[in-house]
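See structure below.
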Amino acid sequence: MAIKQTLSMIKPDGVKRGLIGEVIGRFEKNGLKIKAMKMLHLTKAQAQQFYAVHQERPFYGSLTEFMSSGPIVALILEGENAIQVNRDLMGATDYRQAAAGTIRADFARDIEANIVHGSDAAETAKTEIAFFFNELEKV
Ligand code: ADP
Ligand code: MG
């Protein structure tokens, strides 16, 4: 199986609720290595750029408000099948449909404020990693 990298974000609700350590602990316990990490507060424009793929969706305005409402933690995770492993740890977008034991099932109580983001494919992982990190910031 290929070693792959993926981009994870702990969203403003996860940071506010003190879940950074909990979420990172789950990554580390499940074979995902942290290759880069930073905390930052996205502007609305940066959140709009990051989620540009969703710009036609009805929740785009609200989502980008939320994503720029407080600090986030961005991480590059690396491991075998990192993209899928991370998606499996996150659980479904809607916490009510997320499998038991996933981050969203355990902590999210809102479809929008759902604790974590994870890239959904190799191409998006590449773009999303480049959005947050330059070469000097990767180990
Ligand atoms: P995921 O984060 O699981 O990849 P999507 O890419 O479909 O999910 O959506 C991006 C983010 O937009 C979600 O994580 C969530 O914060 C928000 N979102 C998705 N669907 C809805 C919805 N129906 N109502 C409100 N917010 C939503
Ligand atoms: Mg997505």
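Owing to the predicted nature of the structure, the values given are computational and were not obtained by experimental measurement. In each ligand, atom 1 is the first atom listed, and ligand 1 is the first ligand listed.
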Requested in this report: Give a yes or no answer on whether the side chain of Thr102 reaches the backbone of Ala98 with a donor-acceptor pair at less than 3.5 Å.
Outcome: no
Query raised in the report: Under the 3.5 angstrom rule, does the side chain of Gln46 hit a backbone N or O of Thr43 as a donor-acceptor pair?
Result: yes
Query raised in the report: Under a 4.5 Å side-chain heavy-atom rule over Ile, Leu, Val, Met, Phe, Trp and Tyr, are Phe132 and Leu75 clustered together?
Result: no
Query raised in the report: Under a 4.5 Å side-chain heavy-atom rule over Ile, Leu, Val, Met, Phe, Trp and Tyr, are Met9 and Leu63 clustered together?
Result: yes
[atom]: the protein heavy-atom neighbour that sits closest, reported with distance to 0.1 Å:
atom: atom 24 (N) of ligand 1; value: Ile111 CG2, 3.6 Å
atom: atom 1 (P) of ligand 1; value: Thr93 OG1, 3.5 Å
atom: atom 4 (O) of ligand 1; value: Arg87 NH1, 2.8 Å
atom: atom 18 (N) of ligand 1; value: Phe59 CE1, 3.6 Å
atom: atom 2 (O) of ligand 1; value: Arg104 NH2, 3.0 Å
atom: atom 7 (O) of ligand 1; value: His54 CE1, 3.9 Å

Looking only at distances, can you tell me whether any N or O atom of [X], backbone or side chain, sits closer than 3.5 Å to an N or O atom of ligand 1?
X: Lys11; answer: yes
X: Asn114; answer: yes
X: Glu112; answer: yes

Query - Cation-pi check, Lys38 onto Phe133 ring (under 6.0 Å, within 45° of axis) - result: yes
Query - Residues, nucleotides or ligands: over 12 heavy atoms within 6.0 Å of Lys138 NZ - result: yes
Requested in this report: Assert yes or no for the condition that the ring centre distance of Phe50 to Phe131 is strictly below 6.0 Å.
Outcome: yes
Query raised in the report: Looking at Leu63, which atoms of ligand 1 are within less than 4.0 Å of one of its heavy atoms?
Result: 11 (C), 12 (O), 16 (O), 17 (C)
